[in-house]
Amino acid sequence: QAARPPGGSRRLGPAGPRRRRAAMAKTQQPVEDDGDVVPLSVDIMDFSNLGRTVDGTGFVYRTLACVDKHVGPIKGIEAYIHLQHVDLSHNSIKDMAPLKPLAHALKLNLASNLLPSFKGVEPDEDGGEVWPNLTHLNLNSNAFTALPPLPFKSLRIVSFADNEIATCQDFAGHETIQRLDLSGNKLTTLAGLANLPALTVLNLSKNALEDLNGLGGVPALEELNVAENQLQALEGPWQELKESPVTSLDLSGNLLESAQPLEVLRHLPKLRRLGVRGNPFVEAAGTAATAQVLACHWFLASIDGEEVTEGQLEEARELNVARLLEERERKKEAEAAEAADAEGEGREAAAPAAGDAGVEEEPEGALRLKERKAEPRLGGSAIASEPMRRAPPLA
């Protein structure tokens with residue numbers, strides 16, 4: 001790779017960055033008609049960031065941008081082995097194999113292309129590493145149907161948003177990823193999404209999840225976004241997450257019919273920010289929803305981006321007291337009903353026992369039996385006695 005790209009075109013200067021920013025801002029979808037795509041060429045490649053080579057023997061351009069140029073084949077890019085930052089987003093690339101020789105790559109942006117897999121950039125059979133220094137990988141809006149294993153050992157920030165991913169079963173985890181974005185996919189289960197010891201931010205919004213079972217091995221997790229899924233009961237590994245420093249959780253736009261499922265969030269003692277807007281119970285409760293949420297987790301500092309006030313905390317306390325009194329009353333009623341049932345069963349059991357003992361049948365016989373139910377009979381046996389009625393426990 002020379003300091004001046006082949007063809008004599010540097011494509012630098014003030015206009016270059018402006019063109020790149022404008023192209024990155026576009027939302028044009030990849031062109032799928034092969035007749036409209038063009039091969040990567042120097043004429044449409046913007047080089048910048050001139051600097052020394054890694055070994056210090058020369059000067060090279062370390063950044064390449066070729067955004068929204070209808071590029072399909074990228075054969076030829078392998079010659080630029082010193083590139084560190086590559087942006088080929090908003091094109092129609094289907095094959096990333098030519099990128100494999102870029103051993104010094106730090107950031108790859110391949111968003112909004114037609115890539116279905118990592119075919120062509122798998123590790124060599126001899127154990128040779130691919131992109132050993134790569135820290136940022138953006139594959140948003142491509143054609144992945146499964147979250148693949150990521151053999152790039154230095155990854156920190158990875159995004160597969162808006163693909164067609166329906167499974168994480170073969171993922172197998174990663175030691176260094178800190179931020180992972182899987183939003184806008186087709187996940188119905190999180191099986192396989194585990195063993196991420198460095199992960200701090202996980203975005204699972206806009207999928208089809210009905211529970212969070214399968215997520216595990218995330219001891220450093222701080223922010224979890226599961227907005228716009230199909231969650232109703234909040235089943236998930238909350239007990240395990242108790243050991244994680246989760247401070248932010250977004251549950252917006254799910255199917256929670258009441259605030260009661262939020263009680264499971266008490267397993268997250270460091271949780272301070274919670275999103276719940278767009279759930280049925282929020283729309284039904286109106287302004288009272290905040291108190292209902294706070295009654296489930298007292299340490300929240302903000303709900304739906306709004307700071308919790310002292311007035312809302314007081315309202316939640318009053319709600320909690322009312323619920324406790326209602327629960328205490330229900331328990332008393334249940335115990336009274338249980339005792340009444342037991343007393344009735346005791347009377348039914350005592351009647352045949354009295355007949356066997358030869359008690360004279362007369363109108364007041366039942367009364368005499370009740371008076372004698374605890375007295376021992378001659379001969380060492382006893383008349384069947386009515387079970388003792390237990391006093392309700394102290395509230």
Side-chain angles (χ1 to χ4, degrees), residues 20-21 23-30 63-68 74 83-94 96 99 102 105-119 121 130-131 133-187 190 192-209 212 215 218 220-229 248-250:
R20 289 195 294 275
R21 284 195 295 270
M24 292 176 68
K26 294 182 180 179
T27 58
Q28 180 178 342
Q29 295 298 313
T63 297
L64 165 65
C66 185
V67 178
D68 196 12
I74 57 173
L83 285 173
Q84 297 179 1
H85 305 270
V86 177
D87 187 351
L88 296 173
S89 60
H90 294 277
N91 284 291
S92 300
I93 301 168
K94 297 180 180 180
M96 66 173 74
L99 295 170
L102 305 186
L106 301 176
K107 297 182 180 181
L108 290 180
N109 185 353
L110 297 167
S112 297
N113 279 283
L114 301 172
L115 295 164
S117 69
F118 281 130
K119 183 179 180 181
V121 294
V130 179
W131 304 334
N133 304 302
L134 187 67
T135 60
H136 293 61
L137 179 60
N138 187 341
L139 285 163
N140 292 349
S141 302
N142 275 278
F144 283 79
T145 58
L147 181 63
L150 298 174
F152 320 116
K153 68 176 186 179
S154 299
L155 284 176
R156 298 291 186 274
I157 299 176
V158 180
S159 185
F160 283 89
D162 300 318
N163 277 264
E164 304 291 323
I165 296 174
T167 178
C168 303
Q169 194 66 55
D170 298 329
F171 173 55
H174 197 282
E175 290 293 320
T176 63
I177 291 178
Q178 298 173 355
R179 303 174 69 96
L180 178 60
D181 189 348
L182 295 174
S183 62
N185 280 285
K186 297 182 177 180
L187 291 170
L190 297 181
L193 191 61
N195 301 320
L196 291 157
L199 188 69
T200 60
V201 179
L202 177 58
N203 189 347
L204 296 168
S205 62
K206 299 180 182 179
N207 278 279
L209 297 169
L212 301 181
L215 178 63
V218 286
L221 188 64
E222 298 176 5
E223 299 180 21
L224 176 60
N225 187 344
V226 289
E228 297 185 50
N229 277 279
S248 177
L249 174 62
D250 194 348

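Among residues two or more places apart in sequence or in another chain, the side chain to side chain contact (heavy atoms under 4.5 Å, CB included) test is passed with Leu106 by Gln84, His85, Asn133. Applying the side chain to side chain contact (heavy atoms under 4.5 Å, CB included) rule to Thr167 yields the partners Ala146, Gln169; only residues at least two apart in sequence or on another chain are considered. Residues satisfying the salt bridge (Lys or Arg N to Asp or Glu O under 4.0 Å) criterion with Lys186, sequence neighbours excluded, are Glu164. Legend: residues meeting side chain to side chain contact (heavy atoms under 4.5 Å, CB included) with Asp250, ordered by chain and number and at least two apart, are Asn225, Ala227, Ser252. Legend: residues meeting side chain to side chain contact (heavy atoms under 4.5 Å, CB included) with Ser159, ordered by chain and number and at least two apart, are Asn138, Asn140, Ala161, Asp181.
Checked by atom type and distance alone, the side chain of Asn203 pairs as donor or acceptor with a backbone atom of Ser205 at under 3.5 Å. No side-chain donor-acceptor contact under 3.5 Å links Asn207 to the backbone of Ile165. In terms of modelled atom types and a separation under 3.5 Å, the side chain of Asn142 and the main chain of Phe144 share no donor-acceptor contact. Remark: the backbone N or O of Leu204 is paired with a side-chain donor or acceptor of Asn229 at under 3.5 angstrom. Asn163 contributes no side-chain N or O that, together with a main-chain N or O of Leu147, makes up a donor-acceptor pair within less than 3.5 Å.
Using a 4.5 Å heavy-atom threshold, the side chains of Leu202 and Val218 count as separate. In this structure, the side chains of Leu193 and Leu182 come closer than 4.5 Å at one or more pairs of heavy atoms. When side chains are defined from C-beta on, Trp131 counts as touching Leu108, because their heavy atoms get closer than 4.5 Å.
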List, one per line, each side-chain donor-acceptor pair under 3.5 Å for residues 149-158, sequence neighbours excluded.
residue, atom, partner, partner atom, Å
Lys153, NZ, Glu129, OE1, 3.4
Lys153, NZ, Glu129, OE2, 3.4
Ser154, OG, Pro132, O, 2.6
Arg156, NH1, Ser154, O, 2.7
Arg156, NH1, Thr176, OG1, 3.4

Take Val201 and Glu222 through the side-chain contact (heavy atoms from CB on, under 4.5 Å) test and state the conclusion after the steps.
-> CA-CA 6 Å; Val201 179; Glu222 298 176 5; 5.7 Å; no

Between Asn91 and Ile74, does a side-chain contact (heavy atoms from CB on, under 4.5 Å) hold up when you go through it step by step?
-> CA-CA 10 Å; Asn91 284 291; Ile74 57 173; over 6 Å; no

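With values rounded to the nearest 0.5 angstrom, Leu221 atom CG is found 9.5 Å from Ser248 atom OG. Taking CG of Asp87 as the start and SG of Cys66 as the end, the distance is 9.0 Å to the nearest 0.5 Å. The distance from atom NZ of Lys94 to atom NZ of Lys119, rounded to the nearest 0.5 Å, is 13.0 Å. Going from atom CZ of Arg179 over to atom CG of Leu199 covers 9.5 Å, rounded to the nearest 0.5 Å. In this structure, Leu99 CG and Leu134 CG are separated by 10.5 Å, a value rounded to the nearest 0.5 Å. Here the OG-CG distance, from Ser141 to Asp162, works out to 4.5 Å after rounding to the nearest 0.5 Å.
Residues Thr135 and Lys107 share a closest heavy-atom pair of OG1-CG, 4.5 Å. Across all their heavy atoms, Ala220 and Pro197 have their closest contact at CB-O, 3.5 Å. Minimum interatomic distance between Phe171 and Pro148 (heavy atoms only, all atoms of both residues): CD1-O, 3.4 Å. Taking every heavy atom of both residues into account, Leu139 and Phe160 meet most closely at CD1-CE2, 3.6 Å. Pairing each heavy atom of Met96 with each of Leu110, the nearest pair is CE-CD1, 4.3 Å.
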